[in-house]
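Right, one structure below, let's go through it.
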Amino acid sequence: MASTATGSKGKVPARTSARSKAGSTAKAKSPVGVPTLEIERSFLSSGVRFLAGVDEVGRGALAGPVSVGIAVVDLEEHGLLAEVKDSKLLKPEDRDRLEPLVREWAVASAVGHASSREIDDIGIIAALRLAGTRAWLEILAGGITPDVVLLDGSHNWLSPDVQASLFDSPDLGPWCEAPVHTRIKADMSCLSVAAASVLAKVARDRIMVDLHSEVPSYGWNVNKGYATAAHRDVIRLQGPSVHHRTSWNLTGPEEVGIIPS
């Protein structure tokens with residue numbers, strides 16, 4: 001599996017675009033719990049125009065990549081996009097239907113991946129940074145340079161680690177150099193981040209379905225690599241595959257979480 005970025009080319013929005021037309025509905029009152037651009041637009045006062053919403057999927061899986069989605073919005077012109085919310089709250093068929101709409105709606109979009117082997121080699125946080133950097137470079141290659149990043153969660157894993165001392169080796173670039181703002185549960189309230197979560201989830205699920213056709217015994221077409229009891233039973237019976245994160249505890253504990261649908 002190629003651990004690269006897959007995205008749409010950046011495009012500078014025209015005022016007659018579908019995004020601009022959607023702006024007529026942007027001021028309408030949104031239902032409670034539906035992501036909007038209200039938080040994103042709070043950055044306008046500091047001179048930000050292009051904001052990149054960022055979210056990851058696959059962080060807790062036992063197999064397959066970790067994937068990071070980016071959806072860039074133009075805060076001066078963007079309207080809302082109906083039905084888009086945190087990917088975990090959407091049915092698979094709805095995510096598949098909305099994914100191309102998100103790509104059309106966004107000024108630029110991309111998904112980057114880091115493989116299970118890379119996760120084993122460098123750890124999950126560095127792998128998240130690697131996947132996010134791959135998506136970020138895809139955005140830059142399309143001609144858009146976001147002014148700021150809005151990242152789901154409480155920890156900025158996208159920016160390179162601050163060098164602890166003069167004796168430490170520097171984290172060699174390139175990397176995301178834009179300011180990164182974190183927000184817990186941003187995928188629930190921020191439309192750009194919710195859109196990024198849809199892109200990442202759809203892209204990673206498709207990878208897991210493809211891997212299932214290669215190694216069908218683990219049920220990745222259903223569990224998408226997450227730690228179900230059935231998934232762990234197969235690992236105990238026949239051992240891990242080349243797509244498992246072998247540095248992880250793959251066979252325990254017995255209690256497992258709910259698979260993100």
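Scored by the salt bridge (charged side-chain N to carboxylate O under 4.0 Å, His left out) test, Arg97 finds Glu83, Asp94 as partners (sequence neighbours excluded). The side chain to side chain contact (heavy atoms under 4.5 Å, CB included) test applied to Ser46 returns Phe43, Val48, not counting sequence neighbours. By the ring-ring contact (aromatic ring centres under 6.0 Å, His included) test, His244 is found to be paired with Tyr218, Trp220, His231, residues two or more places apart in sequence or in another chain being considered. Remark: Ile125 engages Arg59, Leu128, Arg129, His155, Trp157 in a side chain to side chain contact (heavy atoms under 4.5 Å, CB included) (not counting sequence neighbours). Among residues two or more places apart in sequence or in another chain, the side-chain hydrogen bond (donor to acceptor under 3.5 Å, both in side chains) test is passed with Asp147 by none. Shown here are the side chain to side chain contact (heavy atoms under 4.5 Å, CB included) partners of Thr145, two or more places apart in sequence or in another chain: Leu140. For the side chain to side chain contact (heavy atoms under 4.5 Å, CB included) test, residues two or more places apart in sequence or in another chain that qualify with Glu214 are Leu211, His243. In terms of the salt bridge (charged side-chain N to carboxylate O under 4.0 Å, His left out) criterion, Asp152 has no residue partners (sequence neighbours excluded). In terms of the side-chain hydrogen bond (donor to acceptor under 3.5 Å, both in side chains) criterion, Ser42 has no residue partners (sequence neighbours excluded).
A salt bridge does not link Arg117 to Asp121: none of the charged nitrogens lies less than 4.0 Å from a carboxylate oxygen.
Membership of the apolar cluster around Leu130 extends to Ile122, as traced through chained side-chain contacts below 4.5 Å between ILVMFWY residues.
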Under 3.5 Å, which donor-acceptor pairs link side chains of residues 61-69 to any protein atom two or more places apart or in another chain?
residue, atom, partner, partner atom, Å
Ser67, OG, His113, ND1, 2.8

Below 3.5 Å, can you tabulate the donor-acceptor pairs from side chains in residues 180-200 to any protein atom, sequence neighbours excluded?
residue, atom, partner, partner atom, Å
Ser192, OG, Glu40, OE2, 2.8
Ser197, OG, Ser87, N, 3.1
Ser197, OG, Ala194, O, 2.6

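When the side chains of ILVMFWY residues are joined at heavy-atom separations under 4.5 Å, either directly or via intervening members, Val209 and Val111 end up in two distinct hydrophobic clusters.
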